[in-house]
Protein chains: 2
Amino acid sequence: MATLTPIQEKFILHWGEMGTRWGINRTVAQIHALLFISPKPLPAEEIAETLSVARSNVSNSLKELQGWGIVKLVHVMGDKRDHFESLKDVWEMFRHVADERKRREIDPTLAMLRECLAAAGEEKDAHIRERLGALQEFFVTTTSWYDVVRQWPASALAKFAKLGDKALKLFTGPRA
Amino acid sequence: MATLTPIQEKFILHWGEMGTRWGINRTVAQIHALLFISPKPLPAEEIAETLSVARSNVSNSLKELQGWGIVKLVHVMGDKRDHFESLKDVWEMFRHVADERKRREIDPTLAMLRECLAAAGEEKDAHIRERLGALQEFFVTTTSWYDVVRQWPASALAKFAKLGDKALKLFTGPRA
DNA sequence: CCACTATTTCTGTGCCTACTGAAATAACAG
DNA sequence: CTGTTATTTCAGTAGGCACAGAAATAGTGG
């Protein structure tokens, strides 16, 4: 894995680019891509060589990936160096990321909105209360909705998607 | 609106910070926040003064927001300057952003995966085919699932969220 | 057609993050 | 305890995006 096949390289570069679009450091995303397609755990040294980045950079990036919970430190028999592997299950992987982003970004936003609305209640500015209230409602609804589907098995998600428009009728139909 | 109340400022700063976390330029997000809470459309000049950024910066940022489809150019009677307003409906707003991100980022990723898988089919590397295949399946399922719910009315989403765990049983129950 | 205002394009600057390489620390074997 | 290898921390550098301000263009009323 010290040198990459064209396919591996293409995937890793794309994944890195994708990361930056979503606020993830390019190198961090590339390392994750490499570990994701690696058949076996890799030591930091090898990652640095393969991607041509400094060893220290890899060290910090791995810390961040572990912080997201999608990369784990493992040990290989007869090798005292730390090795790293990505989660294999794609659904689980994205659930980890989604959970973390909710915790880091959505929850603080909801807190901010609560504070603003509390302060706005004292003012006679009904307009901003309406606007921030609408935003709050959106986040409350979507997060509580995410809390529901996040624990569905992947198969349920797939089945649901296949239903298409029928899904809507299925759960509004029986009562309305 | 040339000067901001503490609440307005708090919201705008937070929204700008939030933007950067998701790969959106800070100023772009701040301008969007300002327009979102503004009771009336604003001219670029006033946005620049209120947020203390260069007029040209506002011009470019507004272009980007229009590109996302969440800010519209409007005209005010008796004023020849362009004015700008944000979408009011929060759900519609996020649907615009989600649609665009799908178009800009998910679709190209699916294309990349198809190409890689096509090329990998020729090789005898079963492992990378398995990995990229799993990723492809994830994106195909989630996007087709998004295509379903994106056209639900907000009320349906809310109702669905309220059901909680019962939602799963509701649509698996009748047949399984 | 001219003067004036609004808007966009362009170019150089500055700032912020990412990164490297070195130094410090930790982990381990003998 | 000492030498060796692995890892992290740190400080300085560099590269890239965001930004300001100037210049160019477009739009408008007279």
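Residue numbering restarts at 1 for every chain, and letters A, B, ... go by the order of the sequence lines. Bear in mind that the values here come from a model prediction, so they are computed numbers and not experimental data.
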Practice prompt. Give me the other members of the hydrophobic cluster that A:Trp22 sits in, counting Ile, Leu, Val, Met, Phe, Trp and Tyr linked by side-chain heavy atoms under 4.5 Å, directly or via other members.
Written response: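 Joined to A:Trp22, directly or through intermediates: A:Met18, B:Met18, B:Trp22.
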When the distance from [atom1] of [X] to [atom2] of [N] is rounded to whole Å, what number comes out?
X	N	atom1	atom2	result
B:Leu42	C:dT7	CG	P	13 Å
A:Glu46	D:dT7	CD	P	13 Å
B:Glu45	C:dT5	CD	P	12 Å
A:Lys80	C:dA29	NZ	P	6 Å
B:Leu73	C:dT8	CG	P	8 Å
B:Lys63	C:dA6	NZ	P	17 Å
B:His83	D:dG27	NE2	C1'	16 Å

Applying a 4.0 Å non-hydrogen cut-off, can you work out what [X] is touching in the nucleic acid: base, sugar-phosphate, or nothing?
X	answer
B:Ser61	nothing
B:Arg26	nothing
B:Asp82	sugar-phosphate
B:Thr20	nothing
A:Asn57	base

If only side-chain N and O atoms of [X] are considered, is one of them under 4.0 Å from the OP1 or OP2 phosphate oxygen of [N]?
X	N	value
A:Arg81	D:dT5	no
B:Asn60	C:dT7	no
B:Thr27	D:dC19	yes
A:Ser59	D:dT7	no

Discussion item. Minimum heavy-atom separation for B:Met93 and B:Leu87, please, with both atom names.
Written reply: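 Where B:Met93 meets B:Leu87 most closely, the heavy atoms are SD-O, 3.7 Å.
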Worksheet item: On DNA chain C, nearest-nucleotide positions of A:Asn25 versus A:Ser56: which is more 5'?
Response: A:Asn25
Worksheet item: Should the pair B:Phe138 and A:Phe94 be assigned to parallel (<30°), tilted (30 to 60°) or perpendicular (>60°) ring geometry?
Response: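 It falls in the parallel class, under 30°.
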Worksheet entry | Cation over ring face, B:Arg104 and B:Trp68, 6.0 Å, 45° | yes
Practice prompt. Would you sort out whether A:Trp15 and A:His32 count as a side-chain hydrogen bond (donor to acceptor under 3.5 Å, both in side chains), showing the intermediate values?
Written response: CA-CA 9 Å; A:Trp15 204 242; A:His32 172 249; 3.1 Å; yes
